[in-house]
Structures are given as structure tokens and as C-alpha cells.
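Below is one structure, written out as C-alpha cells; the observations come after it.
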Amino acid sequence: MLVYNTLTKKKEEFTPINSPNVSMYVCGPTIYDYFHIGNGRTFVMSDIIRRYLEYKNYKVTFVMNLTDVDDKIIKKANEENLSTAELTERYEAAFKKDIARFKMKPADVYPKATEHMKEIEEVIEKLEQNGFAYNVDGNVFYNIGKFKGYGKLSGKNIDDLEAGARIEINNEKQNPLDFSVWKKSKEGEPSWKSQWGQGRPGWHIECSAMSMKHLGETIDIHAGGNDLIFPHHENEIAQSEAATGKEFVRYWMHFGFLNIDKQKMSKSLGNFFTARDILDQYPAEALRLLFVQSHYRSPINFSRELIESAQKGTEKLDNLGRVLNDGIKKVGGIKVEFDFNKFYSLFSAAMDDDFNTSQAAAVIFDFVREVNKTIAENEDINSDFFRKAKEFFQSTAETVLGIIHFTDLEVKESSNDSEWILEQIELRSKAKAEKNWQLADEIRNSLAEKGVILEDSKLGTTYKKK
RNA sequence: GGCGACAUGGCCAAGUGGCUUAAGGCGAAGGUCUGCAAAACCUUUAUUCGUCGGUUCGAAUCCGACUGUCGCCUCCA
């Protein structure tokens, strides 16, 4: 299995430190607002990567941090007259709700900075001891000049950075590129007691401390959005490796941006969409398919048109899903030849190549066409075929990609008005048998008005809800 | 200014040296099935991969130049 590593800019064979265990850390949101659809892409794709590793029988420990101390949080809490804790509690709950709506598997741990002050302090202490950090009157800075590998992830070199620096002048810093690991407390800001006095941690240090705490000093995968490469992940490496003297992360993975009108989403441009807004309008499967259909490292130019075309795609999957559900219940019938193994191996070949989900989706759609074709061309196939087809669908499209959910198809079928609908279908079948087309069409139309779409097939009439 | 990514059909997108005279999704046109629909299936929809040169027996795929788009260098997924 190949994974593209931002650190080496190459696809590398994936070999976990402690196979079959895999440690994976994903930079989660700052919980001061609803997360946007671009965050959603990152979260969903990291979910898919995790699920595929599990499909390959790796035992994954998946950690996603929630940043609950930082400038944005303090600012917003002040605006809304809330304590920072009240604010972050609210958005943590919203985050978990939205993650569930995206049908993501919950992380094993969602660590928060405020709950790891001891660990953070310990890392900073080590940095001081090792000579990588210096204290100026309660502000502790990381001295990037001391760390030889600085810039190895982002491909930047310190001289270039200094030349083009747009960084505010801060006389306390020895080098303008040095960054805070501990910030001295200011009036009206939350703060914690530490050996450097009251203060709060810098942004980058929390990920170093929490990654080490929950996954160990060297982990397999660390992932996040493209924009985190510099400075966030660069600084995490500098801190962690300076503190432990060990390699921090084996494989760095970064997700492409989701743009609106080819531009980065931002509040100031007014092209900002929260994930929950979009999820109110479209099913999670449609969004997941949209993300799946392009490679995780490429940018996506998000648009309504794009989601709608993905949604049509998921309807195609759902249609087959319903047919499979019905087919399984069949009794008798003939055996039919079908090369399921071919599709399994094409699917994993695609995913093994740096999670080529677009290719994997193509395999799924090829499978859909061939299954539909087999059903169309053969009379009376036995349930074994349908069962195997559903198995394939479940283990790939559902469990790994999450672009169809069989339980949802069933819920729609067995809602409380289903008995009445089945009666109507029965009436229509009788009318059809009597060639009373007018009555048959009336029934179909009245159901359609209620959002119930009928589909006639060899197996009888099925329905779905719009 | 420094660093980097990308440019494939009407839209989206995979492919990165011969298996591809280019997957898959959406859309469009025609057809099969059906009482009619829907669903499904079949056929058609890029001799061509931003432009121009080069390397090679062979290039969308490698190299160079150019054009265009975007990102990072400041909080940011």
C-alpha cells in the first residue's frame, strides 16, 4: 500500500511502526463556531482513510484534537458575553452532531488543550532543558535557529522566510520567526498556572503534547488541511523532535482545499458555507461521494451543481441497494456466474494506491452496471447472487466510503406509513392485472404527490421516498 | 519577492512512458424493456490531454520555455 508523504513528497510503502496497530492523529477544529464544508472534506476524507486501514485489518487508534483555547475563541466569547468554556462546550456539541450527520466514525479520543495543561507544560519544560525554548518575562518562545530540520516539511528555508517576512515585529523574540509556546496571560483572558507564571499555551504546542500523550512519541500518520503544513505542522515537528529527540511522525498527509468559485472559503469574502447548512439541504452520502470522486490532495471547486450531480450518483447506488434487499428475500431461482473477486481486487488496488478514491468509486459504479446488467439479462436469479452483491456493496461502498447506507434504505421502507403504501401498491397491482390503467395511474400519481415513487420490475413493485 | 501545486470531453474527474486511438460520475441524443412511467440496460457524445519546442522506436504521462489558475509564506482544514 502506497501513501503520499508530504515530508518526502513521494508515495511511500506504508509500514506502520507497530503493525497491525496504526496511530493516526488528525488536526480537528477550533471549536468557536460551526465548522464549514471545507473542514467537512478534511474530516470525511480522514474518516475514509481510517476506515480503509481498518478494511485492511489494521487496528487504528484515531485521535482528533479539539482546540479550545486560542485568540479566536477568546474574541468570540467576549463578543457573545460567554465564558470561553461555555462557548467551546456549545460548539463541541455542535461539532459532534455534525460529524455524526456526516456519518463519520467517532474518534477514539477527542483531546482538548485545556485538559492537557500538565502534558503541555512538560513538553515546554523539556524544550527549555534542551535549549530550544527561552523565557522572556513569562512568554516562552521556541528558538527555530536551534532546530536543524526547521523547514523540512514545508520546503522552506529560514533565510527566505526572513526575507519575505510579514510577521509582526516583536522585540522579545530572538528571531522574528520564533513562535510562542507559552503566552503570558493578559487581562480578561483565561489562563493557567505554570512554572513561567499565569498564561496559556501557544497554538502548536497542544498538538505535540496531545499526540505524544495519546499515541506515543512517534506516530504513524498525522493529517490535516493543506494550509497547516506551514507553520503549524512545521512547528509541531520542531517542538516534538526537539523535546524527544525522536522522529515525530512517519507519514504526513495533507488534504486539498475545497474552494468556492476557485477561491478559498473565507468569512471576509462571504463565500462561507457551514457543513450543517449544506447537510440540511443534501444527504451526507451525496457529499461523501462528491469528496470521494476527486483525489484527497486535489482542490475541489465546490458548487451546488457538483453536489447535485453527486446526489444523482448516490441515487443510482440506492436504487441497486433496494433491488439487492429485495433479491435476498427470494426463494428458489437459478445460480448465476459473477466475478465478485475481480471487483474486490480492483477496489483494493485503487485504494492501495494512495487512497485513490476516485478510481475506487469508478470500480463501484462498474460493479453497479454489471450487477444491473446481470439482473436484466437473467430470469429468476437465486438469492445467493443478491447476498454476495450486497456483501460487496456493504464492505466497500458502505463501510469504507460511506456513500450508501443500507440501514437508511430500510428505515425509509419501514416507516409507519409503509403498511398503507403497501396496500396502495397492492390495489394498483390488481388494477394493472385488470388492465384498468386509469386507476393504476391514479394510484401511482397520488403516491407520487406524497413523495412516494414506484418502480416496477420483474421482482414486483418497489417504492422509494423522495 | 520566496516556495509550491494544478491545467484532460458540455460540467466534474481518474490515469503520469507502450495494456489507454484516455476510467468513472453528471448532462445530452437515440434505442431496448414497459399498457404508460420510473428504474435498468445498449449505442453515440475527447484521433485527443493549456500553448510551443525537445527527449524517445513510442508521451496526456519525461525535459524546457511560455500562458493561465490557485495555494502557502499572517489566523485558517
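Lettering follows sequence order; numbering is per chain, from 1. Nothing here was measured: the structure is a model prediction, and the numbers come from that model.
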Greater than 12 external heavy atoms within 6.0 Å of [X]'s [atom1]:
X         : atom1 : result
Lys9(A)   : NZ    : yes
Glu13(A)  : CD    : yes
Lys146(A) : NZ    : no
Glu337(A) : CD    : no
Glu379(A) : CD    : no
Asp261(A) : CG    : no

Whom does [N] pair with, Watson-Crick or G-U wobble, provided both distances fall under 3.5 Å?
N       : answer
rC19(B) : none
rU34(B) : none
rC11(B) : rG25(B)
rA39(B) : none
rG4(B)  : rC70(B)
rU56(B) : none

Quick check: any donor-acceptor pair below 3.5 Å linking the side-chain of [X] to the base of [N]?
X         : N       : value
Arg444(A) : rC36(B) : yes
Asp441(A) : rG35(B) : yes
Lys373(A) : rC42(B) : no

Touch check for [X], heavy atoms < 4.0 angstrom, all strands: base, sugar-phosphate only, or nothing?
X         : answer
Asn356(A) : sugar-phosphate
Asn319(A) : sugar-phosphate
Leu228(A) : sugar-phosphate
Gly38(A)  : base
His232(A) : nothing
Ser294(A) : sugar-phosphate
Leu258(A) : base

Which value, in whole Å, describes the distance between the [atom1] atoms of nucleotides [N] and [M]?
N       : M       : atom1 : answer
rU67(B) : rA29(B) : C1'   : 36 Å
rU61(B) : rG17(B) : P     : 11 Å
rG15(B) : rC52(B) : P     : 25 Å
rU69(B) : rG27(B) : C1'   : 25 Å
rA65(B) : rU16(B) : P     : 24 Å

Checking contacts here: which listed nucleotide ([options]) is nearest the side-chain heavy atoms of [X]?
X         : options                   : value
Lys316(A) : rG25(B), rC73(B), rG35(B) : rG25(B)
Ala376(A) : rA40(B), rA77(B), rC42(B) : rA40(B)
Asp366(A) : rC73(B), rC26(B), rG24(B) : rG24(B)
Glu455(A) : rA38(B), rA13(B), rG35(B) : rA38(B)
Gln293(A) : rA37(B), rG35(B), rG24(B) : rG24(B)
Lys156(A) : rG35(B), rC73(B), rA77(B) : rC73(B)
Ser298(A) : rA77(B), rA23(B), rA14(B) : rA14(B)
Asn372(A) : rC72(B), rA40(B), rG24(B) : rA40(B)

Checklist entry - In residues 277-288 of chain A, which ones come under 4.0 Å of RNA chain B, going by heavy atoms? => result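 RNA chain B contact set from residues 277-288 of chain A: none.
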
Checklist entry - Can you check whether Trp437(A) stacks with the rG35(B) base, using ring centres under 5.5 Å and planes within 30°? => result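 So Trp437(A) counts as stacking on the base.
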
Item to check | Stacking of Phe255(A) on rA77(B) base (centres under 5.5 Å, planes under 30°) | outcome: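 Here the ring of Phe255(A) and the base of rA77(B) are not stacked, as the 5.5 Å and 30° limits are not both satisfied.
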
Next on the checklist: Quick one, Thr67(A) and Glu206(A) - any side-chain contact, counting heavy atoms below 4.5 Å?
Outcome noted: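 Yes. Closest side-chain heavy atoms under 4.5 Å.
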
Checklist entry - Once you round it to whole Å, what is the distance between P of rG4(B) and NZ of Lys264(A)? => result 19 Å

Item to check | Phe291(A) CZ to rA13(B) P, straight-line distance once rounded to whole Å | outcome: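 It works out to 13 Å between those atoms.
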
Item to check | Asn226(A) vs rG71(B): side-chain N/O to OP1/OP2 distance below 4.0 Å | outcome: no

Checklist entry - Where is the tightest heavy-atom contact between Asn259(A) and Pro299(A), given as atom of each residue plus distance? => result ND2-CB, 3.9 Å

Checklist entry - Is there any salt bridge (Lys or Arg N to Asp or Glu O under 4.0 Å) pair reaching into residues 304-316 of chain A, and which pairs are they, with sequence neighbours excluded? => result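 Matches after skipping sequence neighbours: none remain.
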
Item to check | Stacked cation flag Arg297(A) on Tyr4(A), 6.0 angstrom / 45 deg | outcome: yes

